[in-house]
Every structure is written in structure tokens, then in C-alpha cells.
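Take a look at the structure below.
Quick note on labels: first sequence line is chain A, next is B, and so on, each numbered from 1.
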Protein chains: 2
Amino acid sequence: MTSKTANPRGRRKKAAGADTQSPLNKDAIIAAALALIDRDGLDKCSLRNLASSLGVYPTAIYWYVSSRELLLSEVLAKVLEHVAPAPAQRWQDYLRAAMVNCHDAVRLHPNIAPLLGSQLVSNSSTDFTLVEGVLAALQQAGFSGPALSGAYNTFIAALAGFTTLEYAPLPENTEAWQHQVQESLRTVDPQQHPTLARNMDQLSNRGFSLRWQNGVDAALDESFRFYVDTILCGLETLVARR
Amino acid sequence: MTSKTANPRGRRKKAAGADTQSPLNKDAIIAAALALIDRDGLDKCSLRNLASSLGVYPTAIYWYVSSRELLLSEVLAKVLEHVAPAPAQRWQDYLRAAMVNCHDAVRLHPNIAPLLGSQLVSNSSTDFTLVEGVLAALQQAGFSGPALSGAYNTFIAALAGFTTLEYAPLPENTEAWQHQVQESLRTVDPQQHPTLARNMDQLSNRGFSLRWQNGVDAALDESFRFYVDTILCGLETLVARR
DNA sequence: ACCTGAACACCGTTCAAGT
DNA sequence: ACCTGAACACCGTTCAAGT
């Protein structure tokens, strides 16, 4: 790699996998950050690595973005750009589509999963499309007043919950840690944990906290469908009780 | 503060809020880490700050703990130590108690919330008490085979989901950011987002992604009860359909 | 066995300076 | 307006050395 200071013309440096040397702008920074996250993971997306991939000095990024935290929240917003579904006849279809869209979006960029659990709250992108859509669907379902906000928070939590866990990064000790988990599952005491022992074949590497791979290597699509059904059935039943 | 190198006797240094100078051990390290997280937040819990609070050199901690990541997962395990409820007659009561216990545990240590979303998966503490209890409850409910693992993953995801979001850390710009959120809520277009506009008084600072405070300053207890009801109703309805 | 102390390879962010 | 370049105050982790 060439030295950073050996750049006498002041021209944009050419990094290894750098994109075009077009003028820097916010969208290009966000796109490059997402590419870096997809390739190397969330904590490898430092401002220094990001700047290097863009062929600029680290501090140049601060002209367009005020902090790493806000940059990452914009990356998440970009990933979730199109999760708000098209209007649907049945409110159940709208909510189901939102959950599936969110799941699909994160599956394409699994390394942003930790952001889903901690930044979805502070989205604030003034884009209330999904918020309005979910509220309208829940109101159509029959929720109003305090129950509407309860149902809304329930749904948003459900939207993030499963997917956050499914793609949560597992320890990097891929060698030792994986065998340790497998060993602890193999030595489960059937006296002490009978239900676990009896269903081990179904749960091994498929159940949360019983896995040594995450959703990238061991998808949980069947459980996700069950999860979506549970949320929608729960909302249906609750609204019928009023 | 006294210099770190001015410690000629080799005695334990006395830090500002340090505990007893008892011999270092894993439990003391975990307890000190949790105290530091409670006081200053998750990312202020560096090995260096932690060591300083224990009156030792940063690298001393590595004798007891192999990495910061595993230390934090042990801190989470300690916080969730007693979430597994006592056996209950009705499976619904067991699952509800587990969710309430988890919520209560995190409420006491809200700054660990991000760990809940990303480390609960890799618990691996060989403590399968909760896993077995949840599986037994779901089997008692009537789930078996693939549906059991679907129900299990659904419940674990539900266990972490709401609480993770409720206590997720919001941007530190408490001055500017809070007003920005409030302003964007005040200027919501009733034409474009009618349901949101009509229910703004219920949702302002109470709805996810419509808040400028997190669960510490603005609890969401009512929504949480709604959420628990939704999960349990959903599972009840799904099992009845089989 | 347990801890010190130096060192390595990083971080995010601020700020003055260039063009 | 936009970027460079140096600097500040940090990081996690490794490893040799002490006791």
C-alpha cells in the first residue's frame, strides 16, 4: 500500500477497492459505509477505513456527517428505505408485508443487525411513511386511543425483535467457541433438561442461544414465519376482545 | 488523580470510587463492570476504566477474562441470572413471568440493553434453566416437533425485543437532537400522516421512533403489558388451531 | 499464580491550515 | 466550500518481565 502522505498533486488517492473518484457527497459516503459493513462487519467500518475506501482523509467525512453514530443511523435508514409496504386491503396483509420486507432488507445486509436493535428508535429521518402505515393498519383493525399506541409499540418491537437476534453477530472464536457450544449441547443432562434433550435435533443450531452460527449461515425462515403468525394472531385476538 | 506509575510498593492503587481492595477475581470484575456500566454507560466500560475502578493495571483483567466481548456477555448473564421463573401451573403464567422478570432485570440495569439484542444469542453459559422452562411450558401448551422450535424462537425473540428497544440508548446530543425530534413531530402534515397527527398526544415521546427519551426517563409499561398480552394471545390462538 | 509495564495497532473527533 | 494534516485523548490486546 502506498503511503498516505505521498500524494503531492492533491488528487484523490486510489484505494484498493475504491469506487469512482467522483466528488465526495453524503450518499456516496453512506453507500461506501454500507459496502464496508457488508464486507468486513460493523466495527470494521471506522471512519479511517471508510475514508481509505473512498480515497480521502478521515476528517474529510466530517464535512458531510457530524458523527459516526449519525452516519450509522443513516446507513440503517438506507437499508430500511423500502420496508414500508404498498397500501393493502386487509390490515393483516400490510403488517405482514412490513415484517417480511424488514426481514428481507436485513437479510441482504445482515451485519447491520445490531443497529436495528439500538437505532431504529432514533430514526428521526422525518420519514413517517412506515409509522403512518402501521398506525393506519392498526386503526383499521380496530385499535384506538391508548390501545393504538400499545399496539403500535408492540408491532414496532416485533418488527425489529426476531431479525435483530437472527443476525446478531456471534463470537469470532469460530474455532474454539463453536465446538464449546456443540459440546455443551451434546452433554445436556436428560434428567435436568428433558424437553431440551428430547428435541435437540430440532433445536441444535436452530434455537436462539443454542446456535453456533447466525442467520447468515443457518437461516431461521420457518421460525420467522411462526413469529409473524404469532404477532398477527395476537393482535387479531386482542382486538376481537374489545 | 495520582499518576499510575507512582506506585512503588506494588500495592493496590486506590481509585476514586473503588471497592474493597480484596484480591481480584472474576466475580469482582463482573460486578465492577456492571457498576461502571450502570453509572457511565456501556461504551465507557473500557478495560482501562474498569481496571482503574478496581485499582489494577488494565492488563491484569486478562488473567480472569479472555476478552472484552466475553466479559460483557458475562455481565449480561449476571443481570439475567434470575429471570427463569419458578415452575407454574399454567404455561401462560410461566411465560408471562419470564417476560416480566426479564423486563424488571433490565430496568434495573438499562444500559446493558444493547447486549440483550446482540449477546443473548451467544449466552452459552451452560445454564439451560430458562431454555428448558420455556420449552416445557410450550410443550405443555401443545407445541411439538417443528412447531415447538418455532414457538421457542418466537418466545425468545419476544423476550428480548421490546425491552431492547425500550432502553436503547438515544443520541447524546440531548440538547439539539431532542428539539429536532420534537420539532419534526410538531410539523407533521395531517394530510400526509393523518393517523399519526390525530394520535400525536398518545404517541409523542411514547411511540418507538417518536421519542426523544428512552425507557429510563419515559417508561413504556402500558405498551409492555400490551406486548406481553399479544405474544401470549398469539401463542394461545396458534396452538388452538392445530 | 498473578500482576506490572511497555508496546502495537488501532480508534473518534477537533482544529488549524491549505486551496 | 471542501479537503488536508497534525494532534488529542483515547481504545483492545499481546507479550515480556517482575514477584
Side-chain angles (χ1 to χ4, degrees), chain A residues 1-15 18 21-29 32-33 36-37 40-75 169 171-173 176, chain B residues 1-15 18 21-29 32-33 36-37 40-75 169 171-173 176:
Chain A
M1 179 171 297
T2 57
S3 163
K4 279 191 178 179
T5 54
N7 191 22
R9 320 281 301 272
R11 301 299 305 145
R12 195 63 48 78
K13 296 190 305 289
K14 300 197 181 67
Q21 57 193 32
S22 61
L24 207 56
N25 61 69
K26 198 163 181 172
D27 286 342
I29 291 172
L36 190 54
I37 291 169
D40 296 338
L42 198 57
D43 37 42
K44 290 295 177 54
C45 182
S46 65
L47 289 182
R48 295 172 127 98
N49 286 338
L50 177 57
S52 160
S53 86
L54 285 164
V56 297
Y57 279 71
T59 51
I61 294 171
Y62 279 89
W63 185 258
Y64 301 94
V65 144
S66 58
S67 73
R68 180 174 187 266
E69 186 184 11
L70 286 184
L71 168 62
L72 291 180
S73 93
E74 301 221 50
V75 170
E172 306 286 316
N173 304 345
Chain B
M1 179 170 301
T2 57
S3 163
K4 279 192 178 178
T5 55
N7 191 22
R9 319 282 301 271
R11 299 300 306 145
R12 195 61 49 80
K13 297 191 304 286
K14 300 198 181 67
Q21 58 192 33
S22 61
L24 206 55
N25 62 69
K26 198 162 181 173
D27 286 342
I29 291 173
L36 190 54
I37 291 169
D40 297 338
L42 198 56
D43 39 41
K44 290 295 176 57
C45 181
S46 64
L47 289 182
R48 295 171 127 98
N49 287 337
L50 177 55
S52 161
S53 86
L54 286 163
V56 298
Y57 280 71
T59 51
I61 294 171
Y62 279 90
W63 184 258
Y64 301 94
V65 143
S66 58
S67 74
R68 181 174 186 267
E69 187 185 9
L70 287 183
L71 169 62
L72 291 181
S73 92
E74 301 221 49
V75 170
E172 306 286 317
N173 305 345

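Each of I61(A), V56(A), V75(A) was evaluated against I29(A); a single residue qualifies, I61(A), per the side chain to side chain contact (heavy atoms under 4.5 Å, CB included) test.
Side-chain atoms of V65(B) and L47(B), non-hydrogen and from C-beta on, never get closer than 4.5 Å to each other. In this structure, D40(A) and N49(A) have side chains that are not in contact, with every pair of non-hydrogen atoms separated by 4.5 Å or more.
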Reading 5' to 3' through nucleotides 11-17 of chain C, protein heavy-atom contacts under 4.0 Å coded B for base, S for sugar-phosphate only, - for none = BBBB---

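In this entry the distance linking NZ of K26(B) with C1' of dA1(C) reads 16 Å, nearest Å. Atom CG in L50(A) sits roughly 15 Å away from atom C1' in dC3(D) (whole-Å rounding). Taking atom CG on L54(B) and atom P on dC2(C), their separation rounds to 16 Å, with Å as the unit. As a whole-Å value, the separation of D40(A) CG from dC10(C) P is 13 Å.
Residues D27(B) and N25(B) come closest through the heavy atom pair N-OD1, 3.1 Å. Scanning both residues, A51(A) and P58(A), for their nearest heavy atoms gives CB-CA, 3.4 Å. In this structure, L36(A) and C45(A) approach most closely via the heavy-atom pair CD2-CA, 3.8 Å.
Distance noted for atom P between dC10(D) and dA9(C): 22 Å (whole Å).
Close to dC3(D), at under 4.0 Å from its OP1 or OP2, lies no side-chain N or O of W63(A).
A side-chain donor-acceptor contact under 3.5 Å links Y64(B) to the backbone of L24(B).
Scanning DNA chain C for stems, defined as runs of 3 or more consecutive Watson-Crick or G-U wobble pairs whose donor-acceptor distances all fall under 3.5 Å, gives the following ranges: C:4-8 with D:12-16, C:12-16 with D:4-8.
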